[in-house]
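This is a predicted model, so every value here is computed, not measured.
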Amino acid sequence: MLPVIAGAFLLQGCNNNSDEFYTTADGLTYKIYERTEDGAYENKGQVSPEDTTGAKIGEVVTMQMSYQNAEDSVLFDSRTQDQPVMIPVMEPTFKGSLEQALMMMSPGDSGVFKVSADSLFAKTFAQPMPPFIKPGSQLTFFIKAEKVQSREQAMADQQQMFEQQMQEAQTRAVEQQKIDDQRIQEYIQQNNLQNVQKTESGVYYVVNEPGKGPQASAGDQVSVHYKLTHLDGKELESSRNNPAANGEPFKFTLGQGQVIKGWDEAIQKLQEGSDATLLVPSTLAYGEQDRGPDMPANSILRFDVELVDVEKQ
């Protein structure tokens, strides 16, 4: 990805007629844009060492940030997250450091900074440099400072942001539950499943062969054989074919959050020895988590299970 593309979201609307880079006495290469009264961005030019308008040590900068290596490969982009990054401003770890870059920025500023990769990993990250970053090269950071706050203000903002995200996630989950429920009902009809029952939270299940042992309940140690598939029949995994567990059933404590919510609820509907089919909506499985190509976000899961053992606690 080219630098102008990688940083476009940060520098949109900037005056490209003033696109000059500057270098501090400590070796930090930069260009910083500030918003004018008419909403456009202009290059601030060279920042004086005496300028104290930027973030100060102890404050926290809330920002959107991306950075890339010398080959223009984007290594991180905060836009892929649900929230901006929050970085406390600390004493510079080396001359020309990222901390110095933050101290040059005020709320609303956008900037591009070139930082020594060797120094960043050795002195700031305190870890070996990965092989996809060349020794002696620079990392280019694109930063848009949204807020500069005290640590207390930033923590309060972070908590508020978290609560808002939780509310939004719950709203999406309610809508997704409706979608999943409709799809599961269609699947039941298309596959002519009989004697289907539904748990309080929305797991559909069929007891194919009832067991004669004790009823499973929260707190019990249970052992379960299972086969996991998508509704299209594609098998994802099976406990009997799991070499890591030598084909043994999966053992866990029921009702303690050690498994997905759909299992914690539906397994309690079974007696030891039962053979059952569970149709678990995504909201009671892995939800919005994208777990790779075999299990994208909002996946409805089918489990064919055998409750092998129930150890009452």
Side-chain angles (χ1 to χ4, degrees), residues 169-170 172-242 244-289 291 294-313:
Q170 290 171 0
R172 292 193 300 271
V174 169
E175 294 303 313
Q176 189 64 44
Q177 180 86 14
K178 296 176 184 177
I179 296 171
D180 290 356
D181 195 81
Q182 180 62 37
R183 288 185 59 199
I184 293 174
Q185 289 186 42
E186 292 172 355
Y187 177 84
I188 291 170
Q189 293 178 349
Q190 292 167 0
N191 291 270
N192 196 30
L193 298 183
Q194 302 296 315
N195 301 315
V196 181
Q197 302 178 69
K198 186 179 180 181
T199 69
E200 294 80 0
S201 297
V203 179
Y204 288 83
Y205 67 100
V206 179
V207 180
N208 303 311
E209 184 177 334
K212 297 181 180 180
Q215 183 83 25
S217 57
D220 293 344
Q221 185 88 3
V222 298
S223 298
V224 180
H225 266 309
Y226 69 92
K227 181 175 73 171
L228 167 62
T229 62
H230 283 308
L231 295 188
D232 62 7
K234 181 180 180 181
E235 183 174 328
L236 301 178
E237 61 185 53
S238 168
S239 60
R240 297 183 190 276
N241 299 324
N242 182 0
N246 296 317
E248 294 294 318
F250 178 65
K251 182 179 289 187
F252 65 98
T253 303
L254 189 59
Q256 303 300 309
Q258 297 177 2
V259 292
I260 60 174
K261 293 179 181 178
W263 265 43
D264 261 343
E265 184 175 38
I267 297 297
Q268 294 187 54
K269 303 298 182 180
L270 307 177
Q271 292 177 261
E272 181 183 281
S274 294
D275 181 285
T277 297
L278 314 180
L279 301 174
V280 183
S282 64
T283 52
L284 298 176
Y286 299 104
E288 296 178 317
Q289 295 181 44
R291 299 172 69 88
D294 287 336
M295 195 178 294
N298 300 318
S299 290
I300 299 172
L301 304 177
R302 170 173 172 156
F303 292 91
D304 292 288
V305 302
E306 177 188 352
L307 182 53
V308 177
D309 185 57
V310 175
E311 295 180 24
K312 287 294 181 180
Q313 302 297 311

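Between E186 and Q182, the side chains place a donor N or O and an acceptor N or O closer than 3.5 Å (distance only, hydrogens not considered).
Note: H230 NE2 to L236 CG = 4.0 Å, rounded to the nearest 0.5 Å. L278 contributes atom CG, which lies 10.5 Å from atom CG of L301 (distance to the nearest 0.5 angstrom). Atom CG of L279 sits about 12.0 Å away from atom CG of L284, to the nearest 0.5 Å. Distance check, rounded to the nearest 0.5 Å: CD1 of I188 to CG of L231 gives 9.5 Å. Interatomic distance, Q177 CD to Q170 CD, rounded to the nearest 0.5 Å: 13.0 Å. Between atom CG of residue N208 and atom CD of residue Q194 there is a gap of 11.5 Å, rounded to the nearest 0.5 Å.
The closest donor-acceptor contact from the side chain of E272 to the backbone of V310 lies under 3.5 Å. Between the side chain of K227 and the backbone N or O of R302, no donor-acceptor pair lies under 3.5 Å. The backbone N or O of E311 lies less than 3.5 Å from no partner atom in the side chain of Q221, so there is not a single donor-acceptor pair. Looking only at distances, no side-chain donor or acceptor of D275 sits under 3.5 Å from a matching main-chain atom of E209. Using a distance-only test at 3.5 Å, with no hydrogens or angles considered, a donor-acceptor pair links the side chain of S274 to the main chain of G211.
Between E175 and K178 there is a salt bridge, since at least one side-chain N of the basic residue sits less than 4.0 Å from a carboxylate O of the acidic one. A salt bridge links K234 with D294: the distance from a Lys NZ or Arg NE/NH1/NH2 to an Asp or Glu carboxylate oxygen falls below 4.0 Å.
L254 and A216 get closest at one heavy-atom pair: CD2-CB, 3.8 Å. Pairing each heavy atom of V203 with each of P281, the nearest pair is CA-CD, 4.1 Å. Closest approach of S282 and Q176 over heavy atoms only: OG-CG, 3.5 Å. Of all heavy-atom pairs between E265 and S201, the closest is OE1-CB, 3.0 Å. Between A218 and G255, the shortest heavy-atom contact is CB-CA, 4.3 Å. Shortest non-hydrogen contact noted between V308 and P249 is CG2-CB, 4.2 Å.
D181 pairs by the salt bridge (Lys or Arg N to Asp or Glu O under 4.0 Å) definition with K198, not counting sequence neighbours.
Counting only heavy atoms from C-beta outward, the side chains of N195 and V207 never approach each other to under 4.5 Å. Here the side chains of V222 and K251 are not in contact, with every heavy-atom distance at 4.5 Å or above. Under the 4.5 Å side-chain criterion, counting only non-hydrogen atoms from C-beta, Q197 is not in contact with K269. Looking at heavy atoms from C-beta onward, E306 lies in side-chain contact with R240 at the 4.5 angstrom threshold.
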Set out, in order, the CA-CA distance, both residues' side-chain angles and the distance that settles side-chain hydrogen bond (donor to acceptor under 3.5 Å, both in side chains) for K312 and S217, then state yes or no. CA-CA 8 Å; K312 287 294 181 180; S217 57; 3.0 Å; yes
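For residues 249-287, the ring pair (Phe, Tyr, Trp, His ring centres under 6.0 Å) pairs, not counting sequence neighbours, are Y226-W263, F250-F252, F252-W263, W263-F303.
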